Each structure stands twice: as C-alpha cells, then as structure tokens.
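Note that this is a predicted model, so its numbers are computed, not measured. Throughout, numbering of the chain's residues begins at 1 and tracks the sequence.
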Amino acid sequence: MLEAKVEDYFVEQVEAHGGVQRKLKWIARRGGPDRFVKFLGAPVVLVELKRPSKTPRPEQEREHKRLREVGVDVRVIDTKQAVDNFIRDMTGHL
C-alpha cells in the first residue's frame with residue numbers, strides 16, 4: 001500500500017469524525033510532521049504519515065524528538081488500522 005492511500009484514508013476519517021486537519025509545509029526545516037490535526041475537546045496533534053512498515057527518516061526522527069521534548073504530541077501512522085486507532089483515541093469512538 002502506498003503512503004498516499006494511508007494519507008487519503010486519514011484525511012477522510014478525520015473529517016468524517018468532525019476533526020480538522022491541514023497539510024503542513026515546513027519552511028527552512030527538514031523532517032517536520034505532515035499534518036496538523038484538531039478535534040473539539042482534544043489537544044492539537046502533529047501526524048507523520050508513512051506507508052505500511054516504513055519508519056521516519058533520521059532527520060524526521062530528530063525533528064519529532066525536538067518537538068516532543070517541548071510537549072508536542074507527534075504521532076506516526078502507517079496503516080488504516082493505525083488511522084482507526086488514532087480516531088478512536090481522539091474521539092472515543094470510530
């Protein structure tokens with residue numbers, strides 16, 4: 001499965017469950033997460049989307065670590081099941 005399939009499913013599910021998401025573009029920064037996500041009553045989450053079984057590149061790992069160290073919730077999602085788990089975590093249902 002391609003990363004685009006996971007990403008399309010992610011966007012569809014976030015919006016279907018009342019959340020908002022935006023694709024991020026990091027200026028003068030490499031390795032930042034792909035998406036900003038917000039659900040009513042839940043904190044902002046930054047999400048890195050990957051194809052199944054792929055892991056973030058070293059520069060992505062470094063940037064995720066920097067963000068987490070200052071309290072940002074960064075998630076890596078690589079399957080449709082992981083999308084479903086994320087939606088359940090954010091909304092309490094799927």
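- For the residue pair Met90 and Ala42, the shortest heavy atom distance occurs at O-CB, 4.1 Å.
- Once rounded to the nearest 0.5 Å, the distance linking CZ of Arg57 with CD of Glu48 reads 7.0 Å.
- Contact between Ile77 and Val83 at its shortest, heavy atoms only, is CG2-CG2, 3.6 Å.
- Atoms CZ and CD, on Arg62 and Gln60 in that order, are 10.0 Å from each other to the nearest 0.5 Å.
- Each of Lys54, Arg35, Arg75, Lys23 was evaluated against Leu49; a single residue qualifies, Arg35, per the side-chain contact (heavy atoms from CB on, under 4.5 Å) test.
- In summary, Glu61 and Lys65 do not engage in a salt bridge, as defined by a charged side-chain N under 4.0 Å from a carboxylate O.
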Query raised in the report: Would Val11 and Gln21 count as a side-chain contact (heavy atoms from CB on, under 4.5 Å) if you check the C-alpha gap in whole Å, the side-chain angles of each, and the deciding distance to 0.1 Å?
Result: CA-CA 7 Å; Val11 169; Gln21 60 74 41; 3.6 Å; yes

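- Among residues two or more places apart in sequence or in another chain, the side-chain hydrogen bond (donor to acceptor under 3.5 Å, both in side chains) test is passed with Arg66 by Glu63.
- Here Phe39 pairs with nothing under the ring pair (Phe, Tyr, Trp, His ring centres under 6.0 Å) rule; sequence neighbours left out.
- Glu59 CD to Arg29 CZ: the interatomic distance, rounded to the nearest 0.5 Å, is 12.0 Å.
- Other residues sharing the hydrophobic cluster of Val70, ordered by chain and number and joined by side-chain separations under 4.5 Å: Leu24, Trp26, Phe36, Val44, Leu46, Leu67, Val72, Val74.
- Of the inter-residue distances, the one linking Arg68 atom CZ with Asp73 atom CG reads 8.0 Å to the nearest 0.5 angstrom.
- In this structure, CD on Gln81 lies 6.5 Å from CZ on Arg88, to the nearest 0.5 angstrom.
- The side-chain heavy atoms of Val14 and Ile87, taken from C-beta on, include a pair separated by under 4.5 Å.
- Hydrophobic cluster membership differs between Val76 and Val45, with clusters built from Ile, Leu, Val, Met, Phe, Trp and Tyr side chains linked at under 4.5 angstrom.
- Summarising the geometry, atom CD belonging to Glu3 is positioned 10.5 Å from atom CG belonging to Asp8; distances are rounded to the nearest 0.5 Å.
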